[in-house]
Amino acid sequence: MHLQQSPLHLLKRLRISYRVIHYGRSYSHNSSGDIAQTARRDEIAKFKERFNFPKATHTIWQLYRDGSFQTRLQQGAAPKVVLHGWIDSPPRKVSRTRAFANLRDVQFLYRTAEQIQNEKHQASDEDVATIQLFEDLTTRSADINSPGVALLRRMKQETCVCVEGHVCRAKGNVPWRLEIAVDRITILNNAEDLVSQMRGAKDWDPKYRYLQLRSFRLQRALAMRSKVATLIRNVFEGHGFTEVETPLLFRSTPEGAREFFVPSRTEAGKMYALPQSPQQYKQLLMASGVHRYYQFAKCFRDEDLRKDRQPEFTQVDLEMSFVKASDVQDIVESILVRLWKAIKGIELRHPFKRLRYIEAMSRYGIDKPDLRSDMEIYDLSEFATSTANPDYPVFEILVFHPENSKFPAVVSAPEGSPTLRTPLSHRIRLSKEEPSKWLNRCVAEFDLKLVSDLETTAREIMKKFDIRDGDVVYSCTRQQMPFENPTPLGRQRLQIMQETMNFSEKDLAPLWVVDFPLFTPTETGRVVNGYVEFDYTRLVATHHPFTMPSIDSLPAVFNAARDESSSVDARTIFGQHYDIVVNGVEVGGGSTRIHDSSLQRFVLSRILQVPGIRMHVEAGEIEPDNPFTHLLNALTMACPPHAGLALGLDRLCAMLNGSDSIRDVIAFPKTQTGADPLVGSPSRVTDEQLGAYHVQLKK
């Protein structure tokens, strides 16, 4: 292959001595001449062009979207422009003197659905993300054979360039399309061959995330996220909220998830913890007299990762004093209504539907139900009771009417998840079997106690729930107050929806799930005869330990606080906790908080049994091991009633973007292992570095 050589290489071959400055390095030779001096000046000039280039006069976006510019073109003008960007596609040579390529520039202005509807442009945003460059060397006076001349035909894909030329209408059948007749093109930075190779890859190496981010899809996702943040801020500002930043170097407190620790250099043996949420700080702000608070908060949880979870994430945090739950819910609904209207052009009906936790679990088998389908689970307690396990007495079924749909598989337990039960399935074949056969199988499987004989019970069930020939009946059992979440039939319902139903982006079913159990029994990790075992004497907070009990549950909590011999039944105590769910995705959760110090102390010490906290403390007494002293003290200082909520910004943006993974709306996400291959984190540190922080690794 013949390689073109620069003037300096030619001079070397002619043995002409010269002295040039090349990228900051000096090379000296014995003699000099006019040719060497000229070559040196050319080399320096080319080098300076990378840093001293003309300012862009327009962006591609402006060329297409600016009405006055379009008018000038219609009047026959050919305006001269300067554009900056990258060569988006390999140049196409159509002759010895003519070549084409596409330019992609740096400015992407996100247009909301409202703006798109109002502007009525013929071209989509993706259509105008690039513009065609046209180079005709017959109009150029430069020596096209000189290797020192920057030509479009010589450009590699993704080369960073400055283009000077005239705008004109492109030839063809697309009347709105433009092109640039190139007068001059300057290379600002060359691209390695790897860049063009990566452009065609299906699976991007995360080490080159910055290259992947150049794509229109991800540029649009980041711009959309920025617009979402602006819209949310506008809603908060319109309702009198104050944006307050809270610290990231917090202390370790038992809130459920594993924490990330930061060792202190100045206090040996002590560590900061990165906040799982700003929960305690925002409650302290309420005690401080901040009436309405919000922030876009960075949160950190050392959890096992999946497609909708990252070790660091962003939540839209809000808290309000002197309010009820409905006041918080109204603000959140106004945010979601505004976002879907602006970003998607879709009107959300509000106020949103509300479901109690027990209703969501019994009808849909999960505490974040997807209501785009009206398919429900039926409680058959009036016909039968299961005696296989006293903790799981409720017999229930899910009926699927195929109607040209494929036969859905029975949901299976993932490998390594022995605590997930699977339902029993039966397809009704009235021409081949007795109508009661499916129920007979259930009697044997779940030790059912029927209220009537088998045939009568089967006939009454099939009539009441419209079970017909060809239908599929899924059956299982559950607890009276379901803590197994989702239930087997809840998982089956989700699988049926995924396999047999199609929804458009306009199919939206937002709702509030309310009246959660305040506490949840812990799983023992044992499976007894196929059933998950729970320990009802060891409770954890369903939401977090600062959630207020429901008004109806307060008498039971009050009595338990006064009588040390009494206990709290997790199945009968409910909390003022509320989750906002959209299409089966929990996009946020909140609660009314406990603002009474004695009640908060009772919950932490007696029910949740947090170490270091006593039920009764004398005035001025210090609890050295109490991780919540700061909050309990603040509650004693006339802290007002308050409530709040946090929206998951990453998850919310993924939904608005139509993405399955939140990684699409995060600039630099972590991998499934929590690593960032781009920068090589986490990274090793030396023993000397660790020693300064009083940390020593186990050998």
Side-chain angles (χ1 to χ4, degrees), residues 59 61-62 64-67 107-129 216-241 243 292 294-297 308 313-318 327-353 371-372 503-512 580-588 590 645-662 664-667:
T59 65
W61 181 279
Q62 290 169 337
Y64 278 106
R65 301 302 193 200
D66 188 335
Q107 188 175 30
F108 183 92
L109 297 178
Y110 182 81
R111 295 191 304 151
T112 65
E114 290 174 314
Q115 291 171 324
I116 292 173
Q117 291 169 357
N118 292 335
E119 292 176 7
K120 303 293 182 183
H121 282 286
Q122 292 176 291
S124 69
D125 290 345
E126 188 167 9
D127 288 332
V128 301
F216 174 84
R217 179 178 67 87
L218 293 181
Q219 286 286 314
R220 189 179 189 280
L222 293 181
M224 183 273 299
R225 182 183 176 116
S226 176
K227 177 60 70 174
V228 166
T230 299
L231 292 168
I232 291 173
R233 276 195 168 92
N234 291 342
V235 173
F236 281 132
E237 296 298 327
H239 286 86
F241 280 75
E243 185 172 6
R292 294 185 170 196
Y294 83 96
Q295 74 166 315
F296 290 81
D308 61 345
F313 56 95
T314 306
Q315 67 182 34
V316 182
D317 208 43
L318 70 113
D327 299 305
V328 176
Q329 292 165 1
D330 287 344
I331 296 293
V332 173
E333 287 192 20
S334 66
I335 289 174
L336 298 187
V337 168
R338 181 74 186 104
L339 290 180
W340 255 270
K341 173 63 175 176
I343 302 299
K344 309 297 287 185
I346 299 172
E347 295 276 3
L348 289 181
R349 294 181 182 177
H350 63 100
F352 298 163
K353 182 182 179 70
L371 300 189
R372 288 177 295 177
F503 302 101
S504 74
E505 64 176 13
K506 294 185 178 181
D507 294 318
L508 293 164
L511 78 149
W512 289 101
I580 179 66
V581 178
V582 180
N583 293 355
V585 177
E586 178 194 333
V587 296
L645 180 139
L647 290 169
L649 181 63
D650 306 314
R651 197 171 301 175
L652 185 60
C653 287
M655 289 192 69
L656 290 166
N657 195 54
S659 302
D660 292 330
S661 172
I662 62 174
D664 289 345
V665 293
I666 299 175

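- For the pair R220 and E126, the minimum side-chain heavy-atom distance is 4.5 Å or more.
- Legend: residues meeting side chain to side chain donor-acceptor pair (under 3.5 Å) with E586, ordered by chain and number and at least two apart, are absent.
- Remark: Q295 engages T246, Y293 in a side chain to side chain donor-acceptor pair (under 3.5 Å) (not counting sequence neighbours).
- Here the closest non-hydrogen pair linking A221 and V665 is CB-CG1, 4.3 Å.
- Not counting sequence neighbours, E237 has no partner by the salt bridge (charged side-chain N to carboxylate O under 4.0 Å, His left out) test.
- Using a 4.5 Å heavy-atom threshold, the side chains of L336 and F352 count as touching.
- Here the straight-line distance linking atom CG of L652 with atom CZ of R225 works out to 10.0 Å at 0.5 Å rounding.
- In terms of heavy atoms, D317 sits closest to A297 at CB-CB, 4.5 Å.
- Residue S334 comes nearest to H239 through the heavy atom pair OG-CE1, 4.1 Å, listed as atom of the first residue, atom of the second, then distance.
- Here CZ of R217 is found 10.5 Å from CG of L222. Values are rounded to the nearest 0.5 Å.
- Applying the side chain to side chain contact (heavy atoms under 4.5 Å, CB included) rule to I232 yields the partners V228, F236, F296, V316, I335, L339, L649; only residues at least two apart in sequence or on another chain are considered.
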Does the side chain to side chain contact (heavy atoms under 4.5 Å, CB included) test come out yes or no for I662 and F313, once each step is laid out?
CA-CA 10 Å; I662 62 174; F313 56 95; 5.8 Å; no

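- At a threshold of 4.5 Å between non-hydrogen side-chain atoms, the residues L371 and V581 do not count as touching.
- S659 is linked by a side chain to side chain donor-acceptor pair (under 3.5 Å) to N657, D664, counting only residues two or more places apart in sequence or in another chain.
- Not a single side chain to side chain donor-acceptor pair (under 3.5 Å) links N583 to another residue, sequence neighbours left out.
- Atom CH2 of residue W340 and atom CG of residue L348 lie 6.5 Å apart, to the nearest 0.5 angstrom.
- Residues satisfying the side chain to side chain contact (heavy atoms under 4.5 Å, CB included) test with E347, not counting sequence neighbours, are K341.
- A donor-acceptor contact shorter than 3.5 Å links the side chain of T230 to the backbone of S226.
- Between I580 and Q329, the closest side-chain pair of non-hydrogen atoms is not below 4.5 Å.
- Between S661 and A654, the closest heavy-atom pair is O-CB, 4.1 Å.
- Atom-to-atom distance recorded for L508:CG and M655:CE is 7.0 Å, nearest 0.5 angstrom.
- Distance check, rounded to the nearest 0.5 Å: CE of M224 to NZ of K344 gives 8.0 Å.
- Residues in residues 327-337 take part in these salt bridge (Lys or Arg N to Asp or Glu O under 4.0 Å) pairs, two or more places apart or across chains: E333-R354.
- In this structure, S504 OG and R372 CZ are separated by 9.0 Å, a value rounded to the nearest 0.5 Å.
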